[in-house]
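In what follows, every chain begins at residue 1, and chains take the letters A, B, ... in the order their sequences are listed.
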Number of protein chains: 2
Amino acid sequence: MAVAPTAVEDYVKVIYTHTEWQPEHITTGLLAARLGLAASSVTEMVKKLVAQGLAIHEPYGAIELTPDGTALALRMVRRHRLIETWLVQHVGYGWDEVHDEAEVLEHAMSDKLLDALDAQLGHPSRDPHGDPIPAADGSLHRPQAVLVTDAPSGGVVVRISDRDPVLLRHLEAEGIVVDAVIDRARCDALAVEARASIWVAAT
Amino acid sequence: MAVAPTAVEDYVKVIYTHTEWQPEHITTGLLAARLGLAASSVTEMVKKLVAQGLAIHEPYGAIELTPDGTALALRMVRRHRLIETWLVQHVGYGWDEVHDEAEVLEHAMSDKLLDALDAQLGHPSRDPHGDPIPAADGSLHRPQAVLVTDAPSGGVVVRISDRDPVLLRHLEAEGIVVDAVIDRARCDALAVEARASIWVAAT
DNA sequence: GCTAAGGTTTCGGTATGCCGAAATCGCCGT
DNA sequence: ACGGCGATTTCGGCATACCGAAACCTTAGC
């Protein structure tokens, strides 16, 4: 029973999402940290991505996705976010509990099942954290947004990183969810980690 | 990202289901055929099952599950059948389309998600093919049944093997589904493969 | 301009799980 | 009782994907 190449899918997904909201390039070291792997493992795997035409990488340089790599990444991002949305809306999960489950299921569900869930959900355009869900053809709409760190006077919450469940529970208890409005006082009260996780609409 | 030991799970599941409706012991060769693997691969893997205390196997002899092996098998069978039931009842799959999808998802869903789907379905006791769904504690009720091959006068259909989608579509078109009643004439009209796939209530 | 620190790559090694070919076993038929 | 045949196991090999240690680059600081 051949195991699907879930590793490649995870790599391109992380490379893609790293530059989704902030235009920074990613290195093998950063990728390793995000994936929880040793740097040497990542260097090796990135070579395979390059060999497959999914990524571009000069030794000691930044990693970028090719059009093929971006397409695969968008496919995985779509899967991940559709599954998160389904878990929250149809299964009763809290938005802080969906990440790990989606991380596994995104590699396991068939396109057919994904499409069925997408239809049941009414083809949502964003997930519970405010991240845009790419359409099946790879197109997506991402609102202009800036980190609260860079917008201390607040605004409409557009997106909250799903990386830290504890933070998510805390923010929800404070009423800080997608589409909520936060003012300057609210911003000032936020911890540093929180500020680095919340995006508000760009003015 | 370490891959879960899905191979072990598949092996014990197949060993278990092989003796579920007919009390025949299974050999490495049969197991290999069911899993679509080379015989040598299966011999090796069975050694690992024995080393892990999941199976009993004397070289050149039959394979049996230990209590631990049976428990793991029941867990996987429960997962497989709950997922099949969910796909049919909540996602709109046909009963002939669920097998492959469940085969993958049974290794990917968390216990938490499984329990949530189980609750949504009202804790079903059998899947769309009539196979009993083990409870979370491993208990299950299996009706007394015999192959149509051995009951030419017919009876109430209790179970239909899910192994051949084409056959399933054909049978459904004929009105042969779980709980249907088939008489002697109906039985006589069945092809040999069909007879080997349909169980009726034992008299 | 050079060096040292820190990030990156190379290298040898591990674990899993699969395969084909060759060796081996068990048992049936005579 | 034994020869053979089919089933089973052993053996060497392969692919994936991971790791730690050592070698290697790059660049920031002086």
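Per the geometry, CG belonging to A/Leu49 stands 16 Å off C1' belonging to C/dT9, to the nearest Å. Rounded to an integer number of Å, the gap from CG of A/Leu31 to P of C/dT9 is 11 Å. The distance between atom CD1 of B/Ile63 and atom P of D/dT8, rounded to the nearest whole Å, is 9 Å. Computed from coordinates, the B/Gln52 CD to C/dT16 P distance equals 9 Å when rounded to whole Å. The distance between atom CG of B/Leu30 and atom P of D/dT9, rounded to the nearest whole Å, is 12 Å. To the nearest angstrom, C1' of C/dC11 lies 19 Å from CE of A/Met45. The distance between atom CG of A/Asp10 and atom C1' of D/dA17, rounded to the nearest whole Å, is 12 Å.
Of the side-chain N and O atoms in B/His57, none sit less than 4.0 angstrom from OP1 or OP2 of D/dT8. Here B/Thr28 does not reach the OP1 or OP2 of D/dA7: none of its side-chain N or O atoms lies under 4.0 Å away. Dashed line: the shortest gap from a side-chain N or O of B/Lys48 to OP1 or OP2 of C/dA15 is not under 4.0 Å.
Looking at A/Arg79, A/Lys13, A/Arg75, A/Arg78 one by one, the single match for salt bridge (Lys or Arg N to Asp or Glu O under 4.0 Å) with A/Glu106 turns out to be A/Lys13. With A/Val200 as the partner, the side chain to side chain contact (heavy atoms under 4.5 Å, CB included) test is satisfied by one option alone out of A/Leu147, A/Val158, A/Val146, A/Asp150: A/Val146.
The closest donor-acceptor contact from the side chain of A/Glu44 to the backbone of A/Ser41 lies at 3.5 Å or more, if one exists at all.
Looking at the side chain of B/Thr27, the nearest of the listed nucleotides D/dA17, D/dT8, C/dT8 is D/dT8.
Taking the six-membered ring where the residue is Trp, A/His129 and A/Trp95 present parallel rings, their angle staying beneath 30° rather than reaching 60°.
The residue among B/Glu58 and A/Tyr11 whose nearest nucleotide of DNA chain D lies closer to the 5′ end is B/Glu58.
Shown here are the salt bridge (charged side-chain N to carboxylate O under 4.0 Å, His left out) partners of A/Glu20, two or more places apart in sequence or in another chain: A/Arg81.
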*Sugar-phosphate or base contact per nucleotide [nucleotides 19-25 of chain C; S, B, -; heavy atom under 4.0 Å]*: BBB--BS

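Side-chain contact, A/Glu64 with A/His25: no donor N or O sits under 3.5 Å from an acceptor N or O.
At least one cation-pi condition fails for B/Lys48 and B/Tyr11: the charged atom is not both under 6.0 angstrom from the six-membered ring centre and inside a 45 degree cone around its axis.
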